[in-house]
Amino acid sequence: MTDPQLVLAEGVQRALAAAFGPEYAAEDPLIRPSQFADYQANVAMSLARRLGRAPREVAQAIADNIDIPGTVEISGPGFVNLTLSDGWLAAQAAEQLADDRLGVPVETPATVVVDYSAPNAAKEMHVGHLRTTVVGDALVRVQAHLGHRVIRQNHLGDWGTPFGMLIEHLLDMGEAAAVAQLEAGEGNPYYQAARAKFDSDPAFNERARARVVTLQAEDPETMRLWHIFMNATIRYFNKVYTELGVTLTDDDIAGESMYNHMLAQVCDELESRGIAVISDGALCVFPPGFTGREGQPLPFMIRKSDGGYGYATTDLATIRYRIQDLKADRIIYVIGVTQSLHLQMLFASARLAGWLPDEVRAEHVQIGSVLGSDGKMFKTRAGKSIKLLELLEEAETRAAAVLVDRDYDEATRAEIGHAVGMGAVKYADLSVSHDSEYVFDFDRMLALTGNTGPYLQYATARIRSIFRRGGFDPAEPHGPIVIGHPAERALALQLLGFGAVVAEVGEANAPHKLCAYLFDLASAFTTFYENCPVLKADSEEDRQSRLALAALTLRVLVQGLDLLGIEVPERM
RNA sequence: GCGCCCUUAGCUCAGCCGGAUAGAGCAUCGGACUUCUAAUCCGACGGUCGGGGGUUCGAAUCCCUCAGGGCGCGCCA
């Protein structure tokens, strides 16, 4: 199949070349969706001045020279309204149905490193952390589907000074008890207990500080304890990932500890090359363009005056590793907005060092903060924190509760509840732009009406129901597609836009655009569903055509939801 | 003080590579199940796009400025 916007753009470009000369063949025809036609080209108005002609005159010249599978109309100050023919739309939809990729392009393969999730083992993990995980996983799925070599990097917070007290607390508790607590997702109380002792018990405090030293020195016994702590914590993370259907595995873990042995070399190299200098006893890079309070250069500190390393050092080692060892062409950091300045300075410093060449894209997908009901950011000391697994279980329970009057057995209900509950939670994070902050709200996340995951899943369940009732298989060929009713036309037109949307989501790291597209598609299908009986169509031709449209809609919805990481139950 | 982000309908948000009458969901009100799943659909109501200025044939969109809010800014990560 062919992307309608592409066909129209090329058609307008050929018309421009024919009317005004070949130098206009590459002009952007400014194709936009239109309320008066399928699409409109706005190029006549922008070009009029350069051509020294009236906009309507330019539009007329385009219309006179254009050759597209549809009709052209000029209106207003110079809009070129483009309407595709029903026959062409039907033929393209049929091609899309026959296409395994449903019109999604295969891009020139690149190596895309995606840094996401990255929970911190030494801090509380709250609902806000779900968001980077869910958004990152959707981006990963989209990049992979577009044909790229995707490397997931789960940059766990698994190293640093807090681990001294965490390990000492593990010794106090006993290894088995500590592991049990951590695996159960009680990382918060564990951390808080350790912290309380660290603050109030001088002897513990001293042990913890000493433990940091042996940890940095990679003393075998300390490392053994560290592994016990981390393995239990990772098992809990994996429970959350499994429940959510996140594609991260242990193979994707590349935590801070992994870069520990590279830090000294990073500093030495930057210092010897004069890129980093000593300032107030600390080793700093001063990337150009960054200024602080008094207008003085802003430091990117890579070695503290006490000789210790911070996350700036780790992140530099990380970016170098991703480019030199992983051969990244593009690095996507799915990390909170609060890290914005840090990442800007990281990228600038890495470019300065030559580790991040111009041709490698480094992007920060800023994830908006999730706020408490008081409208403020979550803090470690904040009282009631909801355990992630309990949140997810509640989502499933609520989703399953809607199914009480359906005639499903308990196992089926639980299965549907799982898919719908997880879909609801994930869609809530994906359907708004990633950088907007929002107040955490159970009801909002779990609402099953409106522009939500369940609405989209429900559309697929209704389509499957049609096939089930008719004794047909959506995977078998149906058709040919014939467009009669306006709802059929609108549905076909919407379906054809799938490939372009997926490509745009990959380019702009914007899964919410895929959500918007799928919601529009589900709406278009529902209108079709209300107006165009499939099984009881007036003729066999109509029935075959509508079965084909329904099958195509099902496949696009399922594929689109899969790219978002949302499962689709067979029935609801 | 500097930097980044935000301010669109009662609420939550799209739209912001400039284009025609600014959209959707929720909420509210009124309709639609003898008809393929009503977790649905149709209709109504609802907006000085924070204020002001500029660029433009045309600005929610680009630029400047002011106000309000958030986040960050050398030894936590």
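Quick note: numbers below take in every heavy atom, side chains included, and nothing from hydrogens, waters or symmetry partners. No experiment lies behind these values; they were computed from the predicted model shown. Letters go in sequence order (proteins before strands), and every chain restarts at 1.
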Using purine N1 to pyrimidine N3 plus N6-O4 or O6-N4 for Watson-Crick, or N1-O2 and O6-N3 for G-U wobble, both under 3.5 Å, which nucleotide pairs with [N]?
N	value
B/U7	B/A67
B/U37	none
B/U48	none
B/G1	B/C73

Practice prompt. For A/Thr161 and for A/Phe36, locate the closest nucleotide of RNA chain B by heavy-atom distance; then report the residue assigned to the nucleotide nearer the 5' terminus.
Written response: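 Its nucleotide being nearer the 5' end, the pick is A/Phe36.
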Nucleotide nearest [X] (side chain, heavy atoms from C-beta), chosen from [options]:
X	options	result
A/Thr526	B/A20, B/U40, B/A39	B/U40
A/Pro454	B/C73, B/A39, B/G25	B/A39
A/Ile416	B/C36, B/A39, B/G72	B/A39
A/Lys304	B/A24, B/A14, B/C75	B/C75
A/Phe286	B/G19, B/G15, B/G74	B/G74
A/Leu535	B/C36, B/C41, B/A39	B/C36
A/Arg462	B/A20, B/G19, B/A38	B/A38

Discussion item. At 4.0 Å (heavy atoms only), tell me whether A/Asn81 reaches a base, stays on the sugar-phosphate, or touches nothing.
Written reply: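 It contacts base atoms.
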Worksheet item: Is A/Tyr311 stacked on the base of B/A77, meaning ring centres closer than 5.5 Å and planes within 30 degrees of each other?
Response: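 Base of B/A77: stacked against A/Tyr311.
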Worksheet item: Which whole number of Å gives the distance between the P atom of B/G74 and that of B/G3?
Response: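 Here B/G74 and B/G3 have their P atoms 16 Å from each other.
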Discussion item. For the residue pair A/Tyr259 / A/Asp315, report whether a side-chain donor-acceptor contact shorter than 3.5 Å exists.
Written reply: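 Result is no, nothing qualifies.
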Fill in: For atom CZ of A/Phe79 and atom P of B/G58, their distance in whole Å
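The distance from CZ of A/Phe79 to P of B/G58 comes to 13 Å, rounded to the nearest Å.
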Worksheet item: Taking 4.0 angstrom as the limit, do A/Glu507 and A/Arg361 come out as a salt bridge?
Response: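 A salt bridge is present here (some side-chain N lies under 4.0 Å from a carboxylate O).
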